There are 2 protein chains.
Amino acid sequence: MNIAKNCVSRLSSYKNALTKLKNLGFTRVFSDNLADLISVTSSQVRKDFSLFGISGNRKGGYNIEELFNQINHILGKDIVHNIIIVGAGYIGKALMKYKTFEKEGIKIRAVFDSDPAKINRESSIPILPVKELKEFIQAQRIKIGIITVPENSAQLVLDQMIDAGIQGVLNFAPINLKEYPGIIINNVNIELELENVIYYTQTMENNKK
Amino acid sequence: MNIAKNCVSRLSSYKNALTKLKNLGFTRVFSDNLADLISVTSSQVRKDFSLFGISGNRKGGYNIEELFNQINHILGKDIVHNIIIVGAGYIGKALMKYKTFEKEGIKIRAVFDSDPAKINRESSIPILPVKELKEFIQAQRIKIGIITVPENSAQLVLDQMIDAGIQGVLNFAPINLKEYPGIIINNVNIELELENVIYYTQTMENNKK
DNA sequence: GATTTATTGTGAAAAAAATCACATAATAAA
DNA sequence: TTTATTATGTGATTTTTTTCACAATAAATC
């Protein structure tokens with residue numbers, strides 16, 4: 001069964017909404033409530049759940065705790081994930097301190113950079129030379145990494161990461177990385193996202209005239 | 001005509017690919033080449049172009065310079081865009097220094113924060129108190145902003161931005177912001193993107209077994 | 001215990017997006 | 001100048017995604 005990216009994103013959103021509901025002390029939720037919380041339709045919510053065999057209770061909705069656990073399990077988030085970041089530039093360092101990762105059981109085990117001035121073995125998350133990348137990935141059995149290096153070194157870094165055994169990558173470099181069989185690459189392109197805003201803002205303005 | 005977000009994203013990608021081709025000295029390009037560069041099919045490229053009335057030359061492909069200008073115009077990128085960032089945390093500061101924005105004619109005019117310790121009126125991009133947000137947006141006629149504040153203040157900040165006249169927002173806070181008529185909101189949720197990687201990596205692993 | 005009410009779960013339908021396939025036309029070759 | 005070749009541009013088709021709509025059923029009410 002091949003699940004669309006949007007569907008997985010919605011699962012993450014459901015999970016986050018459920019976390020909030022849990023913290024507010026709620027115990028049950030309807031597809032309608034979840035739909036409102038993440039701005040989709042209630043049938044979309046139920047279709048998504050049905051796809052993964054998640055079932056609730058007719059008339060009673062879903063038990064939040066159970067639903068949360070099921071979605072978390074589907075997302076593979078019932079375990080702590082150890083990851084690395086390659087590139088200790090501004091974005092790399094921002095992600096290093098990103099609070100949401102901590103909350104969500106995502107542990108950054110090390111950051112790598114080619115600039116000797118950035119190396120810091122003593123900090124709680126060590127910043128290590130890229131030379132040690134392979135050794136570290138293999139020794140720590142890291143499977144997931146984030147690329148925050150400049151565009152021109154991103155492909156090289158990816159190749160090294162995959163060579164070392166990385167299986168999934170979140171890439172912030174604005175470049176179309178080569179695809180490898182069995183390797184997951186997800187791109188976040190900030191400039192492109194801002195250009196989306198620019199396009200639709202402009203289109204909206206023209207409509208008003 | 002309502003253009004899908006994916007289609008606008010592809011336009012951005014074509015533009016970036018064309019920039020690279022231009023820099024390499026090429027003058028003409030086929031739909032096939034562009035398709036390869038951004039990992040889509042050539043008919044997808046031609047369909048996208050056809051949607052915007054972009055036409056090339058049968059047998060001769062597209063003139064890179066012309067195509068670039070047309071796409072840039074569609075994206076509203078033939079002018080410099082002045083934007084602001086609200087939230088001078090790690091991500092806000094990373095975006096403040098983001099090289100790609102400079103290259104792409106996106107000018108960050110100011111960053112705002114509620115923490116007095118972060119204020120710096122002298123730096124090349126001033127960091128100002130949020131109190132001055134409305135005044136600045138109106139005086140400078142800023143239309144587009146980026147939200148990089150924590151989750152719990154994001155909605156408040158959005159309300160203030162819209163009150164001041166902002167029309168498009170790129171939001172990094174992991175929260176479903178309220179929709180406003182005529183206002184464009186595009187969300188980037190880094191945790192969610194990483195969870196996508198985790199999900200597909202896990203799924204891939206299970207397939208191997 | 002019967003009846004009403006409210007919500008799920010899911011096939012069917014609709015809408016949206018991507019791909020196909022080929023007529024059309026520009027260029028190159030003969 | 002004619003013929004062959006090679007890309008485009010787009011209507012038709014297919015695939016994917018979302019929404020609809022309603023039977024099934026659990027809980028609440030009478």
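None of the values given here were measured: they were computed from a predicted structure. In what follows, chains are A, B, ... by sequence order, proteins preceding strands, each numbered from 1.
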- Query: Can you find a donor-acceptor pair, distance only, under 3.5 Å between A:K47 side chain and D:dT19 base?
  - Reply: yes
- 5' priority, DNA chain D, between A:G60 and A:C7 [closest heavy atom]: A:C7
- Given atom NZ of A:K5 and atom C1' of C:dA17, what is their separation to the nearest angstrom? 17 Å
- Whole angstrom value for the distance that separates P of C:dA17 from CG of B:L11: 14 Å
- A:L34 CG to C:dG9 P, in whole Å, measures 12 Å
- Query: Mind checking what makes ring pair (Phe, Tyr, Trp, His ring centres under 6.0 Å) contact with A:Y199, not counting sequence neighbours?
  - Reply: none
- So, with a heavy-atom separation below 4.0 Å from DNA chain D, the residues of residues 38-46 of chain A are A:T41, A:S43, A:Q44, A:R46
- Does A:N171 use its side chain to pair, donor to acceptor, with the backbone of A:N187 at less than 3.5 Å? no
- Item | Distance in angstrom units between B:I54 CD1 and D:dT10 C1', rounded | 15 Å
- For the side chain of A:S55, starting at C-beta, report the closest nucleotide among D:dT8, D:dT18, C:dG9. C:dG9
- Item | N/O donor-acceptor pair, side chain A:K59 with base C:dT5, under 3.5 angstrom | yes
- Whole angstrom value for the distance that separates P of D:dT15 from CG of A:N2: 15 Å
- Task: Could you please name the option among D:dT10, C:dA26, C:dA17 that lies closest to any side-chain atom of B:S50?
- Result: D:dT10
- Message: If the threshold is 4.0 Å, N to carboxylate O, is there a salt bridge linking A:K99 and B:E151?
- Response: no
- Task: Would you mind reading off the distance between A:F30 atom CZ and C:dT8 atom P, rounded to a whole angstrom?
- Result: 7 Å
- Task: Determine the minimum heavy-atom distance between B:K178 and B:L158, stating which atoms define it.
- Result: O-CD2, 3.9 Å
- So, is A:Y62 near the phosphate of D:dA26, with a side-chain N or O under 4.0 Å from OP1 or OP2? no
- Derivation and outcome, ring pair (Phe, Tyr, Trp, His ring centres under 6.0 Å), residues A:Y14 and A:F68: CA-CA 8 Å; A:Y14 298 141; A:F68 176 83; over 10 Å; no
- Item | A:F52 CZ to C:dT10 C1', straight-line distance once rounded to whole Å | 16 Å
- Check whether any side-chain N or O of A:R10 sits under 4.0 Å from OP1 or OP2 of D:dT18, and answer yes or no. yes
- Query: So, does the side chain of A:R58 form a donor-acceptor pair with the base of C:dT8 at under 3.5 Å?
  - Reply: yes
- So does B:K5 pair up with A:E193, basic N to acidic O under 4.0 Å? yes
- Item | Closest to side chain of A:N6, choosing from D:dT18, D:dA27, D:dG9 | D:dT18
- Please report, rounded to the nearest Å, how far the P atom of C:dG9 is from the CG atom of A:D32. 14 Å
- What pairs with B:K15 under salt bridge (Lys or Arg N to Asp or Glu O under 4.0 Å), at least two apart in sequence or on another chain? A:E191, A:E195, B:E104
